[in-house]
Amino acid sequence: MAKYLIGEVEKITGVKAHVLRHWESVIPGFSPKKDYRGKRIYSQRELELIMRFKHLVQTQGMSIHDAKKQIILDAQVREAELVALSALHDIRSELTTLYQMLKKTGENYAKSEDGHKNRT
């Protein structure tokens, strides 16, 4: 997993280090870990979150408050999508099990019909 120091994040995103530190208190779920020396270590997910926040503020012209709301909404939508995908996975698994049972029942029925025809 990729890890970035604040200087690298500053170069990649174009967001100054002092702004990144401020955003830690603004963006929900944005809290880079610190190494043993206290230096911030950013994950790929945090880098993507910074880019999304920057896009909302600079490109979309949202206020920091509205961008924060959008980040929360995005997270809720992703959570709902994950729940839906999980439910679909469960349904597919159940349908596969039912299909296998019906297939087996059909094969057993066909075998019994063949046996019945041969006896007559």
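Please read these numbers as outputs of a predicted model, since none were measured by experiment.
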Pair listing, ring pair (Phe, Tyr, Trp, His ring centres under 6.0 Å) test, anchored in residues 54-97, at least two apart: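 Listed by first then second residue: nothing to list.
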
Main chain of [Y], side chain of [X]: is a donor-acceptor contact present, judged purely on distance under 3.5 Å?
X	Y	answer
Gln100	Thr97	no
Lys39	Leu5	no
Glu10	Ala17	yes

With sequence neighbours excluded, tell me which residues meet salt bridge (Lys or Arg N to Asp or Glu O under 4.0 Å) with [X].
X	result
Asp74	Arg52
Arg92	none
Glu24	Arg40

Under the side chain to side chain donor-acceptor pair (under 3.5 Å) test, residues paired with Arg45 that sit two or more places apart: none

Residue pair Glu46 / Ile41: nearest heavy atoms and the distance that separates them: OE1-O, 3.7 Å

In Å and rounded to the nearest 0.5 Å, what is the [atom1] to [atom2] distance from [X] to [Y]?
X	Y	atom1	atom2	value
Ser63	Lys69	OG	NZ	8.0 Å
Lys3	Glu8	NZ	CD	12.5 Å
Thr59	Lys54	OG1	NZ	7.5 Å
Leu88	Leu95	CG	CG	10.5 Å

ILVMFWY cluster membership beyond Val15 - transitive side-chain contacts under 4.5 angstrom: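 Val15 clusters with Tyr4, Ile6, Val9, Ile12, Val19, Leu20, Trp23, Val26, Ile27, Phe30, Tyr42, Leu47, Leu49, Ile50, Phe53, Leu56, Val57, Met62, Ile64, Ile71.
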
